Amino acid sequence: MNRNSTYHIVRMRQDQIQRVIEQNVSQSIDEDVGEGDVNASLIPPENQSLAVLMTRSAGVFCGKPWADETAEQIGGFTIDWQINEGDTVQPSQELAQLRGQSRSILSAERVMINFLQLLSGTATLTKAYCDRISHTKTQLLDTRKTLPGLRIAQKYAVSVGGGKNHRMGLFDAFLIKENHIAAAGSIHDAVREARNEHPELPLEVEVETLDQLSECVAIGVPRALLDNFSLDETRKAVNNFGDRIELEASGGVTLENIREIAETGVDYVSVGAITKNVIALDLSLRFTGTSVQ
């Protein structure tokens with residue numbers, strides 16, 4: 001069985017991703033700078049500065065495209081990066097130097113750092129989960145439990161941290177859950193409608209029992225999500241059905257138990273925590289010199 005036959009990875013063209021980045025940054029500038037930065041206006045417009053971006057905590061660095069777009073939209077300064085996207089960083093490490101108009105750097109500071117700290121935090125937590133299961137075949141997946149308006153950004157950060165993307169939303173793959181099954185009448189009815197409506201889309205069914213899993217196998221469902229299965233139930237699912245259906249474990253997954261879950265032999269483990277329980281990377285921007293040109 002081809003283990004990637006039904007696995008859905010979010011795929012977007014670079015121009016589509018760039019449009020999302022531009023929208024994210026534009027909205028953030030609008031909410032922070034608004035009609036004008038009254039604090040930056042205290043600085044003479046001709047002043048030029050050098051500022052250094054540092055990290056106070058260790059982690060995985062992520063978010064350069066959003067920072068670069070902030071500099072592009074604000075204008076008046078440049079960023080000289082000292083690290084690459086996805087690099088592991090340590091406390092007190094210099095990440096970048098910013099040079100240009102003092103006012104512009106000050107106006108861009110919070111918008112830029114907000115993206116960097118969130119996305120670096122997401123990538124850092126993702127890597128922590130991935131490290132726990134790196135000795136297994138199991139792949140870590142994200143979910144739709146993301147910050148509103150920043151789903152693509154956070155899914156990007158998951159990929160930088162070593163995880164894989166699940167579906168983007170409700171439009172690009174079927175994940176038939178318990179309420180869909182209840183409303184449709186049965187797993188069989190829900191799956192039939194999915195195949196009739198959009199046979200080209202990836203199809204997955206959430207199951208709560210081994211009997212439901214058996215039903216999915218019988219009707220040819222390519223992938224099942226094991227919702228809050230115990231470790232013993234997960235092992236039985238893998239042993240009894242793992243050669244006929246892809247299996248994804250989900251529900252109650254933590255850094256403490258993901259290793260045991262992965263060692264059952266499931267193909268995937270999906271974790272909402274990597275995008276909703278994020279601790280931001282602690283970043284700081286400091287001016288190191290100012291001059292009047």
Side-chain angles (χ1 to χ4, degrees), residues 21 24-25 27-29 31-33 37 39-40 42-43 47-74 76-132 140 142 145-147 149-150 153-163 254-256 271-290:
I21 294 172
N24 288 163
V25 170
Q27 291 170 352
S28 295
I29 291 174
E31 71 181 4
D32 199 40
V33 178
D37 182 350
N39 298 281
L42 303 175
I43 311 301
N47 277 24
Q48 301 283 310
S49 292
L50 169 66
V52 175
L53 178 67
M54 308 281 293
T55 176
R56 294 194 182 103
S57 55
V60 176
F61 179 74
C62 180
K64 281 176 66 175
W66 281 260
D68 287 338
E69 181 61 29
T70 303
E72 177 70 22
Q73 292 194 25
I74 292 288
F77 71 97
T78 60
I79 304 175
D80 179 17
W81 292 104
Q82 309 300 307
I83 59 169
N84 296 314
E85 194 84 326
D87 281 356
T88 298
V89 298
Q90 301 299 328
S92 301
Q93 182 174 342
E94 182 176 305
L95 307 179
Q97 294 183 349
L98 284 66
R99 291 182 173 84
Q101 296 172 4
S102 305
R103 284 186 173 188
S104 296
I105 296 173
L106 289 167
S107 295
E109 175 183 2
R110 178 45 51 195
V111 171
M112 181 177 67
I113 289 179
N114 278 352
F115 283 116
L116 291 174
Q117 68 184 15
L118 170 67
L119 299 186
S120 295
T122 303
T124 299
L125 186 56
T126 298
K127 185 177 186 301
Y129 273 90
C130 286
D131 287 348
R132 297 292 178 92
L140 179 73
D142 55 24
K145 297 175 182 177
T146 56
L147 292 179
L150 293 176
Q154 285 197 281
K155 283 182 174 285
Y156 166 86
V158 166
S159 68
V160 170
T254 66
L255 277 171
E256 287 68 38
V271 182
I274 60 176
T275 50
K276 72 183 183 70
N277 296 349
V278 176
I279 298 176
L281 200 70
D282 191 2
L283 303 176
S284 174
L285 184 72
R286 287 289 181 267
F287 277 46
T288 61
T290 302

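Bear in mind that the values here come from a model prediction, so they are computed numbers and not experimental data.
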Heavy-atom closest pair (Ile79 atom, Ala96 atom, distance to 0.1 Å) is CG2-CB, 3.8 Å
Report the distance from atom OG1 of Thr122 to atom CG of Asn277, rounding to the nearest 0.5 Å.
-> 10.5 Å
Has Glu72 got more than 12 heavy atoms of other residues, nucleotides or ligands less than 6.0 Å from its CD?
-> no
About how many Å separate CG of Leu53 and CD of Gln93, when rounded to the nearest 0.5 Å?
-> 10.5 Å
Would you please name every residue forming a side-chain contact (heavy atoms from CB on, under 4.5 Å) with Ala40, sequence neighbours left out?
-> Asp37, Arg103, Leu106, Ser107
Considering residues at least two apart in sequence or located in another chain, which fulfil the side-chain contact (heavy atoms from CB on, under 4.5 Å) criterion with Ala128?
-> Leu255
Do Thr254 side-chain atoms and Glu256 backbone N/O form a donor-acceptor pair below 3.5 Å?
-> yes
Side chain of Ser104, backbone of Ile74: donor and acceptor closer than 3.5 Å?
-> no
Going from CG on Leu42 to OG on Ser102, what distance comes out if it is rounded to the nearest 0.5 angstrom?
-> 12.5 Å
Can you measure from CD1 (Ile274) to CD (Gln154) and round to the nearest 0.5 angstrom?
-> 9.0 Å
Note, Gln101 side chain near Gln48 side chain (heavy atom, < 4.5 Å) = yes
Distance-only, no hydrogens or angles: does the Ser57 side chain make a donor-acceptor pair with backbone N or O of Leu281 under 3.5 Å?
-> no
Which heavy atom in Gly121 sits nearest to a heavy atom in Val278, and how many Å separate them?
-> C-CG1, 3.4 Å
List for me each residue that meets side-chain contact (heavy atoms from CB on, under 4.5 Å) alongside Asp131, sequence neighbours excluded, and say none if there are none.
-> Lys127
Any side-chain heavy atom of Ile105 sitting closer than 4.5 Å to one from Leu285?
-> yes
Contacts of Asp32 meeting side-chain contact (heavy atoms from CB on, under 4.5 Å) (sequence neighbours excluded), chain-then-number -> Arg110, Val111
Would you give me the side-chain donor-acceptor pairs under 3.5 Å for residues 156-163, sequence neighbours excluded?
{"residue": "Tyr156", "atom": "OH", "partner": "Glu85", "partner atom": "OE2", "Å": "2.5"}
{"residue": "Ser159", "atom": "OG", "partner": "Tyr156", "partner atom": "O", "Å": "2.5"}

Polar side-chain atom of Gln90 near backbone of Thr88 as donor-acceptor pair, under 3.5 Å = no
Can you list every salt bridge (Lys or Arg N to Asp or Glu O under 4.0 Å) pair that touches residues 50-69, not counting sequence neighbours?
-> Arg56-Asp282
Euclidean distance, Leu283 CG relative to Phe61 CZ, rounded to 0.5 Å | 7.5 Å
Are any non-hydrogen side-chain atoms of Thr124 and Ile279 less than 4.5 angstrom apart?
-> no
Measuring from Asn39:CG to Glu109:CD, what's the distance to the nearest 0.5 Å?
-> 11.0 Å
Taking the side chain as every heavy atom from C-beta outward, state whether Phe115 and Val25 have any atom pair closer than 4.5 Å.
-> yes
Would you check if the side chain of Thr275 reaches a backbone N or O of Lys145 as a donor-acceptor pair within less than 3.5 Å?
-> yes
Between Thr55 and Pro91, is there a donor-acceptor pair closer than 3.5 Å when you use the side chain of the first and the backbone of the second?
-> no
